[in-house]
Protein chains: 2
Amino acid sequence: MTLAETIAAIPLFEGLFPQQNETLARIARKMTFCREERIFSEGDDGRGLHVVVSGRVKIFKLSPSGKEQILHIFGPGDPFGEIALFSGRTYPAHAEAHSDCQVLFFPRREFAECIAADPSLAINMLAVLSQRLRKFAQLIEDLSLKEVPGRLAAYLLFLSRREGGSGKVTLEVTKGQLAGLLGTIPETLSRILAKMSRQGLIEVNGACIELRQIEELESLAQGESRLV
Amino acid sequence: MTLAETIAAIPLFEGLFPQQNETLARIARKMTFCREERIFSEGDDGRGLHVVVSGRVKIFKLSPSGKEQILHIFGPGDPFGEIALFSGRTYPAHAEAHSDCQVLFFPRREFAECIAADPSLAINMLAVLSQRLRKFAQLIEDLSLKEVPGRLAAYLLFLSRREGGSGKVTLEVTKGQLAGLLGTIPETLSRILAKMSRQGLIEVNGACIELRQIEELESLAQGESRLV
DNA sequence: AATCCGCTTTGACTCAGGTCAAGGTGGGAG
DNA sequence: CTCCCACCTTGACCTGAGTCAAAGCGGATT
C-alpha cells in the first residue's frame, strides 16, 4: 500500500480537496513501534498529529501507585495526539504501542496549514473531537455514577452491538486490560465475571463471552438494578 | 450592550472576518432562563450552539438514584451544547441555569455555514473542544485514580492559582455543588474538609477557605500522600 | 515431556466512602 | 423578634471494591 493510498483510507481525510492528499503525503512521516513501546508521555511537548496505520495504540493515564486508566484503544485510521495540537502544547496522557504498530506523523505547523486551507479537514477534525468528548462524558458518568458491574454490562452490550448484536462477543484485549478500561483492577473484574456467570447473565469461555440475559444486563448498565 | 457588542466579546468569535459577526448577530436568538430552569436534557435533539451571556450554566449527568456529576459550570462567553453539533445529534448531558441567566442560541444549519465560510471560526472551535477534552481527561484521571481528598486538594489549588495564588479562595458554589463537581456527596466532602482543618492544611470560614500548607496539599493532589 | 512465565482466579482482609438519620446554623420573610 | 427552611455537619453503620497472598492454568520454549 502506497503512502497516498494509506492516507486516502483515513476517515479523517475524507472529502478533502485532492491536492490536500498530496500535501499530507508530502509532510507525513511513517514511524514504527514495537509492542509496549512508549509513543509519547503525558506532559511531553506535542509536535504534531499521529494516525494509526496498523496495530493498536493505547492512550492512558497512570497513577503514582501504578494503576492505569485506559482512555482509548485506537486502531487503523484513528488519529491521536490531537489535543496538544489545538490547546496547550503538551499531551494530556500517555500513548503506547499496544501491539507492534505503524503510525503516520504529521508535524504541527504543516498540518495546521492544511487545516487553514481546507474547511473540510477542520470540520472532520471537529467531528472527531466531538466523538471523543461524547465518549469521555460517558466514561465520566460511568466512573462517577455506576458501579463496576454496571460499567462491565454497558461495555459488553456496546461490544455486542458493534459486532452485530449476535449476543456473542470476543474480547480483543486481555482481562487485565479490560479492567484498566473499566476503571478497576483484574481481581475485581474476575470476581464480577464469575458472579455474572453464576447468575446466568453471561457465559464465559476464555476471551469469548455470550450474553444470555440482555434485559437484565441492560438494566444493570443503566444503574437500575444491582448484581446480587 | 447591543447584540453585536455581546457577540464581539465572545472569545470563540475572536479574529473572524468582520462580516461574520454580522451574520452571527443576524442568526442569534437571545433566550433567558430562571435559576434551576432546564435548558436542555441529555438525549434531546441538538438544534444549535448555545453561548452564555450572563449568569451561570451547569452541565451535568444524573444517575437513576439522583446523584449528580457536574461536568462544567460555564459563565459569560462560554459556549456549550457543541457536541451535538458535530457528532450524533443529541446532547450528551443535561444543562440547567445555575443562576438566572441569558443565553445566545445559534441554529445548527446557519452556524454550520458560518464555520464552513470562515476557517478561523473552525479553528477557534477546535481550540474550545480541545480544552474540554483536556479537562475531561483530567476529571477521568481524578475520578479513577485519586481519592476524594486528592481531588479536593487539586481543586482548591486550581482555584487558588486562578485567583492569583494568594492562598485564599472563595467558593462560588455551595458545598453541595462542590461535591457534585468532585464526584462525591456533601457528607463526605464535609468530613474531609473537617479533617483537613483539623490537620491544619486549610482553614475554613464559610465559603472562604485559606490554604495553609500548600506543599502538603500539592502532594495530596498528586496522589503521593494520603489524608490521615 | 518438563519447565517457565504471564495471565487469571480465589480467599481473607481492610478501608474509603456512600447511606440513613439526627441534629446544628444562619439568613430571609413575616 | 422568631420562625422557617435550606444548607451544612456529625455519628453510626454498611458495603463495594482495592490489597495482599496464594494457587490454578495454559501456551510457549527448550
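These numbers come from the heavy atoms of this one structure, side chains and all, not from hydrogens, waters or symmetry mates. So that the names make sense, note that chain A is the first sequence line, chain B the second, and so on, each numbered from 1.
Side-chain atoms of Arg226(A) stay outside donor-acceptor range of the base of dG16(D), with no qualifying N/O pair under 3.5 Å. One cannot find a donor-acceptor pair under 3.5 Å joining the base of dT9(D) and the side-chain atoms of Arg198(B). Counting distance only, with no hydrogens placed and no angle test, the side-chain atoms of Arg191(B) and the base atoms of dG11(D) include a donor-acceptor pair under 3.5 Å.
Minimum atom distance to the side chain of Val148(B) is reached by dG17(C), of the listed dG17(C), dT10(D), dG18(D). Listed nucleotides dT10(D), dT9(C), dA17(D) differ in distance to Ser190(A); the shortest reach to its side chain belongs to dT9(C). The Glu187(B) side chain lies nearest to dC20(C) when the options are dG17(C), dT19(D), dC20(C). Of the listed nucleotides (dT10(C), dG18(D), dT9(D)), dG18(D) has the atom at the smallest distance from the side chain of Ile185(A).
dT9(D) atom C1' lies 9 Å from atom NZ of Lys175(B), rounded to whole Å. Rounded to whole angstrom, the span from the CG atom of Leu193(B) across to the P atom of dC7(D) amounts to 17 Å. Atoms NZ (Lys195(B)) and P (dA16(C)) sit 7 Å apart, rounded to a whole Å. In this structure, the CG atom of Leu227(A) is 10 Å from the P atom of dG16(D), given to the nearest Å. Distance, Leu145(A) CG to dG17(C) C1': 15 Å, rounded to whole Å. A straight line from CD1 of Ile192(B) to C1' of dT9(D) spans 14 Å, rounded to a whole angstrom. Atom CG in Leu189(A) sits about 10 Å away from atom P in dG18(D), given to the nearest Å. If you measure from atom CG of Leu143(A) to atom P of dG18(D), you get 11 Å, rounded to the nearest angstrom.
Phe106(B) and Phe13(B) have perpendicular rings, their planes meeting at more than 60° on a 0 to 90° scale where under 30° would count as parallel.
One finds a side-chain N or O of Thr188(B) lying less than 4.0 angstrom from the OP1 or OP2 phosphate oxygen of dG18(C). Considering only side-chain N and O atoms, Thr184(B) lies under 4.0 angstrom from the phosphate OP1 or OP2 of dG18(C). The side chain of Lys67(A) places no N or O atom within less than 4.0 Å of a non-bridging phosphate oxygen (OP1 or OP2) of dT19(D).
His50(A) pairs with exactly one of Phe74(A), Phe111(A), Phe80(A) by the ring-ring contact (aromatic ring centres under 6.0 Å, His included) rule, that one being Phe80(A).
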Handout entry: Stepwise side chain to side chain contact (heavy atoms under 4.5 Å, CB included) check, Arg151(B) with Leu139(B)
Key = CA-CA 9 Å; Arg151(B) 289 178 228 161; Leu139(B) 182 53; over 6 Å; no
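Between Phe40(B) and Phe105(B), the ring centre distance reaches or exceeds 6.0 Å.
One side chain, Ser225(B) or Ser219(B), offers a donor N or O that lies under 3.5 Å from an acceptor on the other.
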